[in-house]
S.K.: 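This is the structure I want to talk about, given as structure tokens.
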Amino acid sequence: MSARKLLTAVLRDLYPHWDVFVDDRGIWRAAGAILISASSVEALLDALTAADPDATAKAGQRLPAME
């Protein structure tokens, strides 16, 4: 699995209400209540965190506790 596919899968898990993808020009995008476009996965994650700050807290509740 490529790094891009792995990162896309992780972001989709963290932000289930968003359609996260990389377009044919390499632009990272997330479509939800708004459309976010970013030149890097880091910038997209920053924008998603600002747009949906509760998503990562909800994702943490879905993950099993690590012992």
Side-chain angles (χ1 to χ4, degrees):
M1 178 181 281
S2 72
R4 181 180 284 182
K5 287 186 181 203
L6 178 62
L7 289 169
T8 303
V10 168
L11 287 175
R12 286 178 180 161
D13 186 54
L14 289 173
Y15 297 92
H17 299 296
W18 294 81
D19 181 23
V20 178
F21 59 97
V22 181
D23 72 10
D24 60 342
R25 297 185 325 185
I27 304 297
W28 287 84
R29 299 193 188 271
I34 60 172
L35 177 64
I36 300 171
S37 299
S39 59
S40 69
V41 68
E42 294 88 357
L44 183 67
L45 181 57
D46 288 343
L48 278 168
T49 302
D52 194 355
D54 295 330
T56 53
K58 293 174 196 168
Q61 293 171 356
R62 291 190 316 261
L63 296 175
M66 297 190 69
E67 297 178 17

S.K.: Taking only residues two or more places apart in sequence or in another chain, which ones pass side chain to side chain contact (heavy atoms under 4.5 Å, CB included) with Ala51?
M.R.: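 So Ala51 forms a side chain to side chain contact (heavy atoms under 4.5 Å, CB included) with Trp18, Ile34, Ile36.
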S.K.: Listing request: all side chain to side chain donor-acceptor pair (under 3.5 Å) pairs with a residue in residues 19-28, at least two apart in sequence or in separate chains.
M.R.: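 Counting only pairs at least two positions apart or across chains, the side chain to side chain donor-acceptor pair (under 3.5 Å) contacts touching residues 19-28 are Asp23-Arg29.
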S.K.: Which pairs count as salt bridge (charged side-chain N to carboxylate O under 4.0 Å, His left out) when at least one residue sits in residues 30-51, sequence neighbours excluded?
M.R.: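 For residues 30-51: none.
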S.K.: Do Tyr15 and Thr49 have side chains that approach each other closer than 4.5 Å (heavy atoms only, starting at C-beta)?
M.R.: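 Yes, side chains in contact.
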S.K.: Could you state whether Phe21 and Leu44 fall into the same hydrophobic cluster, counting links through intermediate Ile, Leu, Val, Met, Phe, Trp or Tyr residues with side-chain heavy atoms under 4.5 angstrom apart?
M.R.: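 In one cluster with Phe21: Leu44, no.
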S.K.: Could you list the residues that satisfy side chain to side chain contact (heavy atoms under 4.5 Å, CB included) with Ser2, not counting sequence neighbours?
M.R.: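 Ser2 satisfies side chain to side chain contact (heavy atoms under 4.5 Å, CB included) with Arg4, Lys5 only.
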S.K.: Atom CG in Leu14, atom CG in Leu45: separation rounded to 0.5 Å?
M.R.: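 Between atom CG of Leu14 and atom CG of Leu45 there are 7.5 Å.
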S.K.: Which atoms form the tightest heavy-atom contact between Val20 and Thr8, and what is the distance?
M.R.: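 Result for this residue pair: O-CG2, 3.5 Å.
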